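The structure appears right after this line, and notes come after that.
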There are 2 protein chains.
Amino acid sequence: MSPLCYAGRVNASRTARERVRAELTREITEVARGQLATEGAGGLSLRAVAREMGMVSSAIYRYFPSRDDLLTALIVDGYNAIGEVAEQADATCPAGEYARRWLAVCRAIRDWALAHPHEYALVYGSPVPGYQAPQQTIGPAARAATVFGKIISDAWQAGALQPAGICPPPPESFAADAGALRELVLPGAPDDVIAAALGCWTALFGMISFELFGQFENVITDRAAFFAHTMACQGRLAGLPG
Amino acid sequence: MSPLCYAGRVNASRTARERVRAELTREITEVARGQLATEGAGGLSLRAVAREMGMVSSAIYRYFPSRDDLLTALIVDGYNAIGEVAEQADATCPAGEYARRWLAVCRAIRDWALAHPHEYALVYGSPVPGYQAPQQTIGPAARAATVFGKIISDAWQAGALQPAGICPPPPESFAADAGALRELVLPGAPDDVIAAALGCWTALFGMISFELFGQFENVITDRAAFFAHTMACQGRLAGLPG
DNA sequence: ACAAAACGAGAGCATCGCTCTTACAACTCA
DNA sequence: TGAGTTGTAAGAGCGATGCTCTCGTTTTGT
């Protein structure tokens, strides 16, 4: 009677069935990521994914209730991939060389974006369809930002931050947000440092998006060099020495 | 025999037919812009446009050979709209107050983007379909940039630019591009000023895109104030006093 | 007045996202 | 072991899309 008696068995069988389910779910996202890479987000089709897997289109809906849910899964994957390359790039640098860490992270994210343009567009480009802001994405989205936040707060706590001193103080309305950011990703940093860091962070993605979305066409030729230069400037604006 | 004999007539009759054609073309883009505003780029449908105009879908193809061509027309319109608000905002400021002009242009573009989010996404977001860089868009794209370039070069030529002095010199590979930009939109400015201005410009759109595409959700509450603050910092980085 | 070009309408093709029903397989549990 | 439950795949189908083609009609140029 009590379900607890069979708990072990239930779990075993569940994992038996859930295992193939998880495997199929993984394969769907993998095939979808392949289609995304070649066709872009607009060309991703559930029917084509099903076709490539030898399934019938309606079967996909057992795993993803709608096309948007598949896209959301890919978005989460994208955030995680960006977060991972950022973490790895940061880890290869000496902890005390903050500007170098910042540049390494910038470069890693840009390289990933250039290698996966459609995935980047899905994550940091315009929201695709009727869109929504799915809550599941906020966690993975913070992963890369956490890496950056640690660089800044490490530098701050080591007393290595050399503020440029050219910015006016941030608006009072920013204080509450700065407090939240200080707790999450920028421990110890004062408001003006947090504001500068946020500006830095958005400039990074503005740069990558401009390059990837064609705004630098016929404008900049050596984009890698210009990118590194601009990111170095932004890093200095945030106080990173070097 | 010679077509020149009938040049006047030909022109008159041509304008007779071409006038209704131009009018219909304009109406199509207008209806399409309405649909774009409510549904977004993904939901723009030639059939729906035709339906709203009382036409049959195939008739649209007499005016726009494909859906992408309609989108391209809307992109050109978007660039022009942004360029126009930038020009107007710049014109309302005293010519000598360069930082104020810069902030006014920033605010005007942001306001337009917030008022026309789907159009902004179409222009500065991820390229929609299999994408291409249509040549017809490069002219209108430069319109807003020209306004900004004039602010910087005006300030430079008036000797009012106060470089922050925190940036390393731009890479050598940037010299050629800087030369082209100097001729087009930044007359007289040296390479480092041009590089800083470009960084400024991309930071502006990075900021707007982050806000519009949801990256500031649960992060920044008073976005207008933070935007103005960050743009002021960026202006100072480019040397604008104020 | 007449040939050529432009045009709107309609039917049609392939494809899409998604729903519903049906048949089969695996699992549960007495 | 055998009956009942449940997850799954398959197929048909709906409404809609972008786009092509053909077929009369109108407008244009000579």
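Residue numbering restarts at 1 for every chain, and letters A, B, ... go by the order of the sequence lines. As the structure is a computational prediction, the values presented were derived from the model and not from experiment.
Aromatic rings from B:Y79 and B:Y124 are positioned such that their centres are separated by under 6.0 Å.
For the helix from C:dA1-D:dT30 to C:dA30-D:dT1, the rotation axes defined at the first and last 5 base pairs enclose an angle of 10°, given to the nearest 10°.
Residue A:M55 places its side chain closer to D:dA10 than to any other of D:dA10, D:dC19, D:dG13. Distances from the side chain of B:R17 to the nucleotides D:dG18, D:dT28, C:dA9 place D:dT28 closest. For B:V56, the listed nucleotide lying nearest its side chain is C:dG10; candidates were C:dC18, C:dG10, D:dG18. Side chain of B:R51, nearest nucleotide from D:dA16, C:dG8, C:dG17: D:dA16.
Within a heavy-atom distance below 4.0 Å of DNA chain C, the residues of residues 57-64 of chain B found are B:S58, B:R62, B:Y63.
Across all strands shown, A:L24 has heavy atoms under 4.0 Å from sugar-phosphate atoms exclusively, and none from any base. Residue contacts shown for B:L70 are absent, as no nucleic acid heavy atom lies under 4.0 Å away.
Of the residues near DNA chain C, B:R47 and A:A48, the one whose nearest nucleotide (by heavy atom distance) lies more toward the 5' end is B:R47.
Between the side chain of B:D177 and the backbone N or O of A:T221 there is at least one donor-acceptor pair closer than 3.5 Å.
Remark: A:R21 is not in phosphate contact with D:dG7, judged by side-chain N or O atoms under 4.0 Å from OP1 or OP2.
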